[in-house]
Amino acid sequence: MTSTFIHWSPGALSLVVETPADAPARIAALGTAAAGPDPQHRLQPLVEVLTLGEGHSLSNLRFSNTAVGNRLRYTGSDQTDGELRIRQRDPQTGIEVTSVFQAEAGIAAFRTWTEVENTGTASRILQMVSSFAAESPAESPAESPAESPAESPAESPAESPAESPAESPAENPAGPGDDPADMVLMRARADWCAEGRWVTIPLRGADGLADINSVLHGHDGRGSHVTAVKSTWSSGEFVPVGVLADTRTGRAWAWQIEHNGAWRWEVDGRRDAPDAYALIVTGPTDGDHQWATRLAPGERFVSVPVSVAVSDEGYQGAIAALTHQRRASRRPHAADAGLPLIFNDYMNTLMGDPTTERLLPLIDAAAAIGAEYFCIDAGWYDDGGHWWDSVGEWEPSTGRFPDGGLRKVLDHIRAAGMQPGLWLEPEVVGVRSPIADKLPPEAFLSRHGERVVEHSRYLLDLRHPAARAHLDEVVDRLVNDYGARYFKLDYNVTPGPGTDRDALQPGEGLLGHNRAHLEWLDGVLDRHPDVIFENCASGAMRADYALLSRLQLQSTSDQQDFRLYAAIAAAAPATMLPEQAGNWAYPEAGQSDEEIAFTMVNGLAGRLYLSGYLNQMGEREVGLIRDAVQVHQRIRGDVARSVPFWPVGLPGWEDDLVVLGLRTPESTYLAVWWRGDAPTVKTLDLTHEKGSALVVRTEYPESLTDWDPQWDAQAGRLTFSPGAGPAARLFRLDPISDLENQL
């Protein structure tokens, strides 16, 4: 077999693509530029395309071995320092695919997608197009091919980010007794009030892929380890982030699907080697999501984008690289650059029942504590007390806000020195709303000519200009006429598979709506650069980087139990940037000092998002909250450039000890929660700081019982002694020399 190799090294990563003359192109090596793996002969094609009338070349239930994918042949490529484009064509159908890779210098990650064009003479129905397909980071025992000269000179390898801590053996994602050579898959289940529950699955384990002796049989197995999400809650069942890690070598990939709708990834066993697995990542598909599209001659389709990060330092290093990728992909937004403190009246407070009488004292208390924005949550538009199925006009209530109306309340917020905000669920219209009859039928998602109804609500189809015009009028009116400078954009219902209006299948209509939603958001952001927009969907049911690359922060949960929130807050930076992780802190009158500190540490672990009846609390309680606000304002610049790590691993839902680290080049912050019933002594292994002379201090709360943190530089261990839980502390670790310079 004659092969050539395309070498692409945009700084911090190295990608090698093999282009055989008699087989499809495939990724031969993918890793960091500093320690990239040698190219290997692989079986998994670079692109998989499932089409009606072609199907698979080997019948199976997965997306490898597609007939079109196996017939693709390399036709050319173009590359620059920041982009690589690889073209292939299937001569039988005329389908041409272009794999696009884009990378920022210094980041060990790239963004990738697939462009499909029908260059044939007949229409083709696409049922699945992969956005990324490659074999796992495990080394193959197969003989490495001789490298051919790179098609363009590679850049000098960049060093790995200094703030990416290496894993210690205690953090190894393989469990006790697992073969250390096993590949593991890490993924996180999500649910309303139970977001980000990570598990590690050994791919040779009981929940992995069976060894069927595929060499003996002469072909691969037919099943997969599948992770998929339906409809428009892109993180409603699983978060759109995953990791594959080789626990023997430390090589790892992390990926995120950057789509505000349905997606799927699968891990397939391949017969290249005992530890050979293929990862295939897609957006919506026919079998999973009722998605298909007809591609006429000359027409194009573009798959959903995926970001892939690589590391030689295990899953934590891969998530660190993905963190850098997220920052590089975000749309700049000056109004949110300083991470202003948001107070929202909802959680464990007004709960969607605001009035002037209830709001005015709460506004004064929030301003006194240091809040910079005050958001009035759900209910401000309601006159009848049963607003769920009547929303859609977004006109202020007159009954809730007598004597000056909503304007008086918003003016009071501004007079208190804060910017006003409002809750909005723009994509839905209640079945009793007047808007339901004012907009044309085509402005709503429908199937078989009937509007989709979910929980007494219709859903707008943002492909239709009347739907977008209605939402533009609402946002522009609230900004220009009422002075709103913050919107909490919520999304509490989903439409199922989608809409078949102007679509071959419901999933195709839904994908068009998803993309129109992003276009609408881009227009709103262009018109209102001084307004901050929060992403919310029953908490974090739609936390993806199609939205989070545009919107400024993400509500991480609707969880009202502050004890349970610790696991959500600690896991959130695996899915999103720490400075976007809007963790609710909702202290309550009558809580103990330790309980108040616990809920405030929940907020300080990311983007402090404050609620609670501050106006009903005593000076002692207010003092603890004020101290936390001042800490947030002092460290928020560090949070915005930090990289997360987990000294005891990603949190379990019921773990007694939960720890999140946020590391900058100068300092390390440790949010530590103790949920056990009894006092204890705990030790954290911080191997990346081993040998460093550090001073450890309690950043918050300074006024409560000291946990006596002790740093052992020689062992790289931090020991502390929490009392009976629930209790939490935020520690800060600084090099002694740096502290002396500050003094």
Side-chain angles (χ1 to χ4, degrees), residues 10-15 27 29-37 101 103-104 106-112 132 134-139 157-169 171-174 182-188 196 198-203 227 238-258 265 267 275 277-279 281 306-329 545 571-578 642-647 649-650 660-663 687-688:
L13 64 87
S14 175
L15 172 66
I27 291 178
L30 172 60
T32 64
F101 302 87
E104 298 283 340
I107 299 177
F110 56 77
R111 195 169 189 244
T112 184
F132 177 73
E135 286 193 35
S136 66
E139 289 185 284
E159 294 184 1
S160 298
E163 57 267 45
S164 302
E167 290 184 317
S168 67
E171 299 170 65
N172 191 318
D182 279 351
M183 287 292 300
V184 296
L185 168 68
M186 300 181 68
R187 67 179 187 181
W198 285 85
V199 295
T200 298
I201 303 167
L203 288 179
T227 305
F238 296 91
V239 303
V241 180
V243 180
L244 274 175
D246 184 334
T247 62
R248 177 172 53 88
T249 66
R251 289 176 179 163
W253 296 347
W255 63 92
Q256 64 182 21
I257 302 175
E258 297 169 356
W265 77 65
V267 178
D275 248 342
Y277 301 95
L279 169 67
V281 186
V306 174
S307 280
V308 180
V310 299
S311 177
D312 303 312
E313 298 177 330
Y315 77 94
Q316 302 221 31
I319 293 175
L322 197 56
T323 299
H324 293 296
Q325 175 74 355
R326 289 167 182 159
R327 286 205 178 100
S329 70
Y545 267 83
T575 306
M576 65 194 73
L577 288 171
S642 68
V643 171
F645 68 101
W646 295 268
L650 286 158
L660 167 67
L662 296 175
R663 191 178 183 201
T687 55
H688 59 283

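Quick note: numbers below take in every heavy atom, side chains included, and nothing from hydrogens, waters or symmetry partners.
Remark: the backbone N or O of Thr575 is paired with a side-chain donor or acceptor of Arg326 at under 3.5 angstrom.
In plain terms, the two heavy atoms of Pro573 and Thr323 that are nearest each other are O-OG1, 4.5 Å. Of all non-hydrogen atoms in Pro10 and Ala103, the two that sit nearest each other are CG-CB, 3.6 Å. The two atoms that bring Gly106 and Ala12 nearest to each other are C-CB, 3.6 Å, heavy atoms only. When every heavy atom of Ala574 is checked against every heavy atom of Leu650, the shortest pair comes out as CB-CD2, 4.1 Å.
Taking CZ of Phe645 as the reference point, atom CG of Leu662 lies at 8.0 Å (rounded to 0.5 Å). Atom CG of Leu13 is separated from atom OG1 of Thr32 by 8.5 Å, given to the nearest 0.5 angstrom. From Leu185, atom CG reaches atom CD1 of Ile201 across 5.0 Å, with rounding to the nearest 0.5 Å. Interatomic distance, Leu322 CG to Tyr315 OH, rounded to the nearest 0.5 Å: 14.5 Å.
Residues satisfying the side-chain hydrogen bond (donor to acceptor under 3.5 Å, both in side chains) criterion with Ser307, sequence neighbours excluded, are Glu258, Gln325. Among residues two or more places apart in sequence or in another chain, the side chain to side chain contact (heavy atoms under 4.5 Å, CB included) test is passed with Thr227 by Arg187, Phe238, Trp263, Trp265. By the side chain to side chain contact (heavy atoms under 4.5 Å, CB included) test, Ala134 pairs with Ile27, Phe132, Trp253, sequence neighbours left out.
Between Trp255 and Val241, the closest side-chain pair of non-hydrogen atoms is not below 4.5 Å. Residues Phe101 and Val308 are not in side-chain contact: their nearest non-hydrogen atoms beyond the backbone lie 4.5 Å or more apart. Counting only heavy atoms from C-beta outward, the side chains of Ser136 and Leu279 never approach each other to under 4.5 Å. Proximity of Pro137 to Val310: side-chain heavy atoms (C-beta onward) are nowhere separated by under 4.5 Å.
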